Amino acid sequence: MTDERINVDDYEEAARARLELGPYGYMAGGAGDERTLRANAAAFDGWQLRPRVLVDVDEVSTGPTVLGTEVEFPLLVAPTAFQRLADPEGELAMARAAASAGTVMTLSTLSSVTPGELAAAAPGAPQWFQLYWSRDRGFTQELVASAAEAGHRALLLTADFPVAGRRERDARAAFALPDDLPLPNIPVSLQREDFHRALGTIVDASLTWRDLEWLRSCSPLPLVVKGILTSEDALLAAEHGAEGVVISNHGGRQLDGVPATLDVLPEVVEEVGDRIEVLFDGGIRRGTDVLKALALGARAAMSGRAVLWGLASGGEEGAAAVLALLRNEIEVGLKLLGCGSPDEVGRAHVRRAGSSL
Ligand SMILES: Cc1cc2nc3c(=O)[nH]c(=O)nc-3n(C[C@H](O)[C@H](O)[C@H](O)COP(=O)(O)O)c2cc1C
């Protein structure tokens with residue numbers, strides 16, 4: 001047996017061995033019975049690829065443009081909180097890994113660094129900022145402005161978090177944040193006994209679609225609404241001026257019992273795919289998972305846990321290795337599918353398992 005890590009599962013195993021039970025459970029876990037967490041991964045079994053042969057795939061290009069940001073392959077780093085739990089360098093290491101891999105790093109509001117500090121860690125690299133919109137409007141306004149000033153290229157508003165989901169692994173492990181974890185992008189403290197209740201205080205739960213206008217007036221950045229699971233809400237996002245949506249159930253961490261994101265993708269693409277960019281996240285462990293999402297109409301996919309396992313098992317190098325691994329799987333998959341680039345992957349390249357198309 002060698003210690004070589006050849007797929008994402010290997011990185012998760014290595015991360016699990018390194019992390020304490022509390023942080024590992026926080027990262028790996030979902031809400032409730034974790035039905036949605038499992039469904040996200042299982043949904044990829046429900047769709048099969050339809051490869052075409054004798055297509056010239058001698059040269060394939062893996063890089064699309066996502067919301068005006070050029071990336072080298074169609075998988076971006078999703079925002080995940082508290083990355084210093086995974087590695088002492090946390091978000092800074094993740095940013096350098098994303099930069100060297102040639103993709104976007106999305107900074108969570110719940111990070112140990114400001115947007116400006118992240119930008120300084122990887123000058124010129126594409127970075128996006130994810131917003132948890134606090135009740136303190138002045139604070140939110142300054143935060144959003146600081147992301148634009150730092151050169152972040154898009155603003156992702158996470159809309160599926162009026163309150164933290166019930167995550168039982170955290171309760172069982174009595175998970176709490178270390179006292180010395182800085183969280184400069186929120187105006188409240190999370191280092192309290194009831195971690196989940198404290199998390200609920202970081203957002204203004206009274207927000208509605210109408211508030212998007214105010215947010216747009218504060219920021220020149222393209223606005224993306226993250227956490228969309230219905231065609232109705234995707235349409236509202238488009239009507240309220242969002243340039244994109246992320247089909248996401250927060251990695252199964254919020255409302256347990258909602259569908260797998262892959263199964264929601266077709267209805268959303270049908271409703272708004274010609275008006276705004278549709279991004280996708282949830283359960284990605286393989287390059288072929290990304291290809292299925294592209295075939296169902298996603299512009300690009302985002303990865304939460306897979307890259308986190310890289311970071312937790314080997315810091316910046318580990319995160320970069322996971323991104324390189326997935327990039328390679330995407331490239332091999334494109335060739336085997338008979339596609340010269342992600343743009344060429346279409347609805348005809350996928351079918352529901354057991355059906356004709
Ligand atoms: C440990 C962890 C922390 C997360 N923190 C955030 C966050 O701060 N903001 C946010 O919008 N989404 C957050 N998410 C959700 C991710 O952005 C993404 O939607 C999800 O992880 C995708 O599923 P995957 O982990 O199966 O790839 C978090 C997910 C995980 C696993």
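What you are looking at is a predicted structure, and each value in this text was computed from that prediction instead of being measured. What's counted below: heavy atoms across the whole structure, side chains too, no hydrogens, waters or symmetry copies. In each ligand, atom 1 is the first atom listed, and ligand 1 is the first ligand listed.
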Just by distance, no angles: are the side chains of [X] and [Y] close enough, under 3.5 Å, to form a donor-acceptor pair?
{"X": "Ser206", "Y": "Asp204", "result": "yes"}
{"X": "Trp309", "Y": "Asp10", "result": "no"}
{"X": "Thr109", "Y": "Asn185", "result": "no"}
{"X": "Thr65", "Y": "Glu70", "result": "no"}

- Item | Ring centres under 6.0 angstrom apart (Trp209, His240) | yes
- Short question: side chain of Arg253, backbone of Met27 - any donor-acceptor pair under 3.5 Å? yes
Ligand 1 N/O to protein N/O, distances under 3.5 Å:
from: ligand 1; atom 1: 5 (N); to: Ala81; atom 2: N; distance (Å): 3.0
from: ligand 1; atom 1: 8 (O); to: Ser108; atom 2: OG; distance (Å): 2.7
from: ligand 1; atom 1: 9 (N); to: Gln130; atom 2: OE1; distance (Å): 3.2
from: ligand 1; atom 1: 9 (N); to: Tyr132; atom 2: OH; distance (Å): 3.0
from: ligand 1; atom 1: 11 (O); to: Thr158; atom 2: OG1; distance (Å): 2.6
from: ligand 1; atom 1: 11 (O); to: Lys226; atom 2: NZ; distance (Å): 3.0
from: ligand 1; atom 1: 12 (N); to: Pro79; atom 2: O; distance (Å): 3.4
from: ligand 1; atom 1: 12 (N); to: Lys226; atom 2: NZ; distance (Å): 3.0
from: ligand 1; atom 1: 12 (N); to: His250; atom 2: NE2; distance (Å): 3.3
from: ligand 1; atom 1: 14 (N); to: Pro79; atom 2: O; distance (Å): 3.3
from: ligand 1; atom 1: 17 (O); to: Pro79; atom 2: O; distance (Å): 2.7
from: ligand 1; atom 1: 17 (O); to: Lys226; atom 2: NZ; distance (Å): 3.0
from: ligand 1; atom 1: 19 (O); to: Lys226; atom 2: NZ; distance (Å): 3.2
from: ligand 1; atom 1: 19 (O); to: Ser248; atom 2: OG; distance (Å): 3.2
from: ligand 1; atom 1: 19 (O); to: Asp281; atom 2: OD1; distance (Å): 3.3
from: ligand 1; atom 1: 19 (O); to: Asp281; atom 2: OD2; distance (Å): 2.6
from: ligand 1; atom 1: 25 (O); to: Arg305; atom 2: N; distance (Å): 2.9
from: ligand 1; atom 1: 25 (O); to: Arg305; atom 2: NH1; distance (Å): 3.0
from: ligand 1; atom 1: 26 (O); to: Gly283; atom 2: N; distance (Å): 2.8
from: ligand 1; atom 1: 26 (O); to: Arg305; atom 2: NH1; distance (Å): 3.3
from: ligand 1; atom 1: 27 (O); to: Gly304; atom 2: N; distance (Å): 2.9

